[in-house]
S.K.: 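Have a look at this one.
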Amino acid sequence: MRAVVIGTGPAGITAAETLRREDPTGSVVALSTDPHAPYSPASMADHFLTGRDETLYWKGEDVAQRLGIEERRETVVVGVDVDNDEVVLRDGNRIPYEGLVIASGSRLHAPLEGADLPGVLDFKSLRMAEELVGRVHRGEAHTALIVGNGFIGVELSLLLADLGVDVTIIGRRPWVMPRVLEPAISALAEEGLINRGVKLRLGVEASAFVGAPSVNAVRLADGQLLDADLIIAATGVKPHVEYLIDSPITTDWGVWVDDRLSTSVPGIVAAGDVAETADWLSGKRFVHAIFPNAVTQGRIAASNLLGADLTYEGAESMNSLKHLGIPIVAMGTTEDPDDVLHWVSESARRSVYLRNGKIIGAQLAGDIRAAGVYRSLMLRRADVTSFGRGLVEPAFDFASVYWDALASVSA
Ligand SMILES: Cc1cc2nc3c(=O)[nH]c(=O)nc-3n(C[C@H](O)[C@H](O)[C@H](O)COP(=O)(O)OP(=O)(O)OC[C@H]3O[C@@H](n4cnc5c(N)ncnc54)[C@H](O)[C@@H]3O)c2cc1C
């Protein structure tokens with residue numbers, strides 16, 4: 001098959017690799033807007049903190065040559081012509097395909113006045129991250145304002161603080177990472193941030209990015225103006241689907257896919273942050289924009305494009321914070337539990353969210369050793385009623401409980 005893959009992020013490069021492996025006589029063209037070799041955005045902070053390349057270029061910088069993938073960088077797709085089976089590029093060229101993988105990921109979503117002003121930075125791509133860190137290294141930036149108290153804002157604040165920048169996070173919701181952390185675990189994250197020198201202004205609404213000709217301040221809803229050398233938007237992400245709007249490929253928030261990761265057009269699959277898949281737990285359509293989902297989807301989408309019939313079980317929600325001084329892991333959901341078990345010590349906290357005797361979510365801080373077991377029990381929909389409160393206690397016997405619970409998996 002002559003396959004084209006739009007995107008070389010974790011989903012795209014996994015799809016390209018799978019296509020090469022499972023169809024050695026076919027060809028793969030992989031397109032990316034980036035000037036870099038395929039990289040993992042999840043490892044950018046680590047890369048700039050440690051100088052390490054291995055996790056950033058997680059498949060190796062030579063992945064395309066090694067696997068025989070025709071990789072084209074700084075190549076922007078502006079449309080898909082499904083009548084002629086061609087991808088349309090910004091320079092006017094077209095690339096024919098027999099099978100197409102859409103893996104164009106996500107971009108910054110900043111529904112705020114002035115978000116398109118020159119100088120508004122983000123931490124979504126390596127190109128932008130290099131610009132941001134470069135300004136700090138060149139001594140041009142000593143202060144930073146990050147609008148958004150979600151995962152990316154928190155991770156970036158830690159990087160900037162470590163680089164010696166005086167950094168403040170502005171967040172509308174009153175605690176950090178409000179979409180994934182319960183308030184008590186978020187409080188531990190906030191403590192970690194403050195200890196690292198990050199300033200928090202939470203429960204504060206930013207209404208606009210302001211400045212002329214380029215941004216130099218953030219205006220708050222009460223009219224107050226805050227200025228800084230670096231003004232950064234970390235207000236959320238949105239699937240990269242704009243170039244598909246005029247095509248018959250169905251999109252909503254992301255690209256609509258079924259449980260085989262097929263789009264509404266035969267011969268076209270989608271994977272990663274761009275794909276709106278079923279949530280593993282609720283079955284509702286959602287984009288859980290995390291690395292493991294992108295990789296699994298890339299593999300399944302590519303195999304199915306070649307004729308396999310693999311079912312995608314659904315995307316999971318899982319977040320971990322490693323650089324706070326206290327490890328934190330959050331998985332699943334905190335919505336609509338019928339029971340919540342907590343265990344608290346001076347240095348650690350665990351919460352397990354249950355519905356109908358099954359784990360629907362878990363949050364751990366300080367001691368995260370049980371995270372893998374909770375995740376397995378949750379994904380296998382094991383009935384954990386018999387463990388009672390023991391489920392959250394440190395004496396929880398991971399190995400035996402794990403195997404007992406697996407034996408009681410319900411469909
Ligand atoms: C700062 C940060 C930290 C993160 N930390 C974690 C973490 O700790 N754990 C975790 O699980 N996840 C984390 N994530 C999320 C994770 O990185 C994403 O879920 C993952 O990168 C998604 O992979 P993807 O291939 O779908 O998309 P992306 O990585 O976004 O790649 C998209 C690709 O599509 C290309 N592209 C886009 N539009 C076009 C176009 N029009 N034409 C051609 N090419 C195009 C891009 O150039 C790029 O190659 C983090 C993300 C960020 C930004």
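Every number for a ligand or one of its atoms is a count from 1 in the order of the listing. Computed from a prediction, not measured in an experiment: that's the story for all the values here. Numbers for residues simply follow the sequence, beginning at 1.
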S.K.: Please write down residue, atom name and distance for the protein heavy atom closest to atom 15 (C) of ligand 1.
M.R.: Ala289 O, 3.5 Å

S.K.: When you measure from atom 2 (C) of ligand 1 to every protein heavy atom, which one gives the shortest distance, and what is it?
M.R.: Pro41 O, 3.7 Å

S.K.: Looking only at protein heavy atoms, which one is nearest to atom 6 (C) of ligand 1, and what is the separation?
M.R.: Ala42 CB, 3.3 Å

S.K.: Does an N or O from Ile290, backbone or side chain, lie closer than 3.5 Å to an N or O of ligand 1?
M.R.: yes

S.K.: Mind jotting down which residue pairs meet the ring-ring contact (aromatic ring centres under 6.0 Å, His included) criterion with at least one end in residues 60-79? Sequence neighbours excluded, please.
M.R.: none

S.K.: Output the list of atoms in ligand 1 that are nearer than 4.0 Å to some heavy atom of Glu155, sorted by atom number.
M.R.: 3 (C)

S.K.: Which residue and atom name correspond to the protein heavy atom nearest atom 52 (C) of ligand 1, and how close is it?
M.R.: Ile152 CD1, 3.9 Å

S.K.: Can you tell me which residue and heavy atom of the protein come closest to atom 35 (C) of ligand 1, and the distance to 0.1 Å?
M.R.: Gly7 CA, 3.6 Å

S.K.: Does CZ in Arg285 sit with more than 12 non-hydrogen atoms of other residues, nucleotides or ligands closer than 6.0 Å?
M.R.: yes

S.K.: If you count the non-hydrogen atoms of other residues, nucleotides and ligands that lie under 6.0 Å from CZ in Arg66, is the total more than 12?
M.R.: yes

S.K.: Heavy-atom contacts with Pro292 under 4.0 Å: which atoms of ligand 1 show up? List them by number with element.
M.R.: 11 (O)

S.K.: Using a plain distance cutoff, I'd like to know if Met44 has any nitrogen or oxygen under 3.5 Å from a nitrogen or oxygen of ligand 1.
M.R.: no

S.K.: Report the residues that fulfil side-chain hydrogen bond (donor to acceptor under 3.5 Å, both in side chains) with Asp338, sequence neighbours left out, ordered by chain and then residue number.
M.R.: none

S.K.: Using the salt bridge (charged side-chain N to carboxylate O under 4.0 Å, His left out) rule, take Asp309 and Arg260 through it: C-alpha gap first, then chi angles, then the decisive distance, then the call.
M.R.: CA-CA 7 Å; Asp309 188 25; Arg260 301 300 196 270; 2.5 Å; yes

S.K.: What atoms of ligand 1 come closer than 4.0 angstrom to any heavy atom of Gly272?
M.R.: 26 (O)

S.K.: What's the shortest heavy-atom distance between Ala189 and Leu181, and which atoms?
M.R.: CB-CD1, 4.3 Å

S.K.: So how far is it from Ser345 OG to Arg350 CZ, rounded to the nearest 0.5 Å?
M.R.: 9.0 Å

S.K.: Classify the contact between Thr75 and ligand 1 as side chain, backbone, both or neither, using a heavy-atom distance cut-off of under 4.0 Å.
M.R.: backbone

S.K.: If you count the non-hydrogen atoms of other residues, nucleotides and ligands that lie under 6.0 Å from CG in Asp259, is the total more than 12?
M.R.: yes

S.K.: Please work out which of Gly298, Ala234, Ser104 has its closest non-hydrogen atom nearest to atom 32 (C) of ligand 1.
M.R.: Ser104

S.K.: Considering Leu31, Val77, Asp34, Val154 one by one, which has a heavy atom nearer to atom 48 (C) of ligand 1 than any of the others?
M.R.: Asp34

S.K.: When you compare ligand 1 with Ser320, is there at least one nitrogen or oxygen pair between them that comes in under 3.5 angstrom?
M.R.: no

S.K.: Looking only at side-chain N and O atoms, does Asp279 offer a donor or acceptor that is under 3.5 Å from a partner on His288?
M.R.: yes

S.K.: Any heavy atom of Tyr39 sitting closer than 4.0 Å to ligand 1?
M.R.: no

S.K.: Thr33 to ligand 1: N or O pair under 3.5 Å?
M.R.: yes

S.K.: Show me which atoms of ligand 1 lie under 4.0 Å from any heavy atom of Val76.
M.R.: 42 (N)

S.K.: Report the member of Ile13, Asp273, Val287 with the shortest heavy-atom distance to atom 19 (O) of ligand 1.
M.R.: Asp273

S.K.: Quick one: does ligand 1 sit under 4.0 Å from the side chain of Met318, the backbone, both or neither, non-hydrogen atoms only?
M.R.: neither

S.K.: Under a 3.5 Å cutoff, is there a donor and acceptor pairing between the side chains of Ser303 and Glu22?
M.R.: yes

S.K.: If you measure only the distance, is there a donor-acceptor pair under 3.5 Å linking the side chains of Thr334 and Gln363?
M.R.: no

S.K.: Given Arg94, which of Leu89, Val88, Asp85 fulfils the side-chain contact (heavy atoms from CB on, under 4.5 Å) condition?
M.R.: Val88

S.K.: N/O of Ala11 under 3.5 Å from N/O of ligand 1, yes or no?
M.R.: yes

S.K.: Nearest 0.5 angstrom please: Asp273 CG to Arg107 CZ, how far?
M.R.: 12.5 Å

S.K.: Is it the case that more than 12 heavy atoms not belonging to Arg21 sit under 6.0 Å from its CZ atom?
M.R.: yes

S.K.: Looking only at protein heavy atoms, which one is nearest to atom 5 (N) of ligand 1, and how far off is it?
M.R.: Phe151 CE2, 3.2 Å

S.K.: To which of Gly105, Ser125, Ser40, Pro10 does the heavy atom nearest atom 29 (O) of ligand 1 belong?
M.R.: Pro10

S.K.: Numbering the atoms of ligand 1 from 1, which are under 4.0 Å from a heavy atom of Ala294?
M.R.: 22 (C), 23 (O)

S.K.: State, to 0.1 Å, how close Asn216 and Asp227 come at their nearest heavy-atom pair, and which atoms those are.
M.R.: O-CB, 3.2 Å

S.K.: What's the shortest distance from atom 31 (O) of ligand 1 to any protein heavy atom, and which residue and atom give it?
M.R.: Gly9 CA, 3.5 Å

S.K.: Does Arg127 come within less than 4.0 Å of Asp34, counting only side-chain N to carboxylate O?
M.R.: no

S.K.: Run the numbers for me: atoms of ligand 1, each under 4.0 Å from some heavy atom of Ser106, listed by number.
M.R.: 30 (O)

S.K.: Is there a nitrogen or oxygen of Phe123 sitting under 3.5 Å from a nitrogen or oxygen of ligand 1?
M.R.: no

S.K.: So which bit of Ala103 gets within less than 4.0 Å of ligand 1, heavy atoms only: side chain, backbone, both or neither?
M.R.: backbone

S.K.: Return the closest protein heavy atom for atom 12 (N) of ligand 1 as residue, atom name and distance.
M.R.: Phe291 N, 3.2 Å

